[in-house]
Number of protein chains: 2
Amino acid sequence: MATDHTRSAILTAAERLYADRGFADVTLRDIVAAADVNLAAVNYHFGSKDELIAELFVTRSLATNRERLNELKAAEEAGGGRAEIDVVLRALVGPTLRGCLGPDKQRSDAARFMIRASIESVPPIRKIKNREVDHLRKFAAAMKRALPGRDEVDLYWGLHFALAMAHQTIRDTERLTKLSDGKCDLNDVNAIIDRVVAVATLALTTNPGRSKTGPRVNVLAAR
Amino acid sequence: MATDHTRSAILTAAERLYADRGFADVTLRDIVAAADVNLAAVNYHFGSKDELIAELFVTRSLATNRERLNELKAAEEAGGGRAEIDVVLRALVGPTLRGCLGPDKQRSDAARFMIRASIESVPPIRKIKNREVDHLRKFAAAMKRALPGRDEVDLYWGLHFALAMAHQTIRDTERLTKLSDGKCDLNDVNAIIDRVVAVATLALTTNPGRSKTGPRVNVLAAR
DNA sequence: TTGCATTTCAAACAGACGTATGAAACTATG
DNA sequence: CATAGTTTCATACGTCTGTTTGAAATGCAA
């Protein structure tokens, strides 16, 4: 029992390597080298490579979802069963963005691993991933409570876009940094969360249809 | 000369397979089986697997960029050297979205291949991909012409978010369909383009400031 | 200690991968 | 037709993959 040191060393090393280099490029031999354990240990403790990946994904997936729901539940209880739409969205994208872009290295590995998992769909993960939809449904419901008059389809698109902006920001920090010559600050996580939430909120609270020909706002006053 | 049938059969089959299943899961033997050519043909015509991938990517990358720039140039010439922001954004996300979600199967393979390439970064592509930033800079410039008063950083974030929404919509149609119980229509490509462009335009043309739903969000210029 | 179960280890396994080879089948020019 | 050049083909090569094996090491109860 004292010696599941091996087990957790494998998990930690695997998560970091997968987060850094993706599933395709990382072999079991890479993992055991990083964890400084024997090659056969993976199959002994996890059964197979796929089961190792699945265990990582399940653990992290549950943790992320729990974190999101805690934030949502706290907000809705504070608001008497209903939270403002921007607060709901913040609970949705905040945990992942903080996890990926924040300073904590261990959390960063975990969150970036989840992003990888959501992109490069490997067989062991694909099966489990369908549960995510059930999780997101709870946020769709909270959004419906926040904006009862809004067309349901708009809500789904808003949720979809919010996640899209958050994930792409994590996935492709490099391009944005290069494109903006470093002017877009990707270290200020809270500012990024504010930005994503703001755009998604805007999309969900503005009346569609009159966008193109509407009066253009003078932005000069805005710093 | 008449017999680069083999060559193009390989290209077509490879593009379709990579688009469908990603780079990691597709072997040369899968490709030659689908193309109904001999295994050695790939190395004979392309030199190596990596060079095959690179050729696919370069070809498609140039085509996509050309299509985008044509649309942008036409719009700016019609407007006397300046296009409205939503038109610029439409030129940015339209070609890819039409390509991926539209009915044309060949184009769909091409566009979905490009999405894969932008996600699962394999070595042969990674090197070439840096040029994309130069391409996007032209759109950043057009956006600057469309919204001369807007803070530069906001423009970059707007461009980033527009691409994020477009790509995620292509990448994860399945989740949105499931989540919305089929209520979000992913066959109406023009409606999707309108939606993406509308949200991005909104984000770029709305005055930053207090959200109507609470004091907490200091919107676009979140810093 | 002895005995038994758990865990580690070096080594080997079978299979799949990208690539190389050399002969056979073509095409085209004279 | 003959011949030179190109393209196809079956086959084999070396390497890397995940997994298995059986023995050695370790932990722990009696």
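Note on naming: letters A, B, ... go to the chains in the order of the sequence lines (proteins, then strands), and numbering restarts at 1 for each one. The basis for the numbers below is simple: all heavy atoms, side chains too, and nothing from hydrogens, waters or symmetry mates.
With sequence neighbours excluded, the residues that form a ring pair (Phe, Tyr, Trp, His ring centres under 6.0 Å) with A:Phe139 are A:His135. With sequence neighbours excluded, the residues that form a salt bridge (Lys or Arg N to Asp or Glu O under 4.0 Å) with B:Arg21 are B:Asp30.
In terms of modelled atom types and a separation under 3.5 Å, the side chain of A:Thr12 and the main chain of A:Ser8 share a donor-acceptor contact. Side-chain atoms of B:Thr96 never come within 3.5 Å of backbone atoms of B:Val93 as a donor-acceptor pair (strictly under, hydrogens ignored). The main-chain N or O of A:Lys144 is never found under 3.5 Å from a side-chain atom of A:Arg150 such that the two would form a donor-acceptor pair.
Atom pair B:Ile10:CD1 and D:dT7:C1' shows a separation of 11 Å (rounding to whole Å applied). The interatomic distance linking B:Phe23 (CZ) with C:dG18 (P) rounds to 13 Å, in whole Å.
Listed pair B:His45 / D:dT6 fails the phosphate criterion, with no side-chain N or O lying under 4.0 Å from OP1 or OP2. For B:His5 and D:dT7, the shortest distance from a side-chain N or O to OP1 or OP2 is not below 4.0 Å.
Electrostatic pairing of A:Asp181 and A:Lys178 does not count as a salt bridge here, judged by no charged N lying under 4.0 Å from a carboxylate O.
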> Could you write nucleotides 17-23 of chain D as a row of B, S and -, 5' to 3', where a protein heavy atom under 4.0 Å of any base atom gives B, of only sugar-phosphate atoms gives S, and otherwise -?
Replying inline: BBBBB--

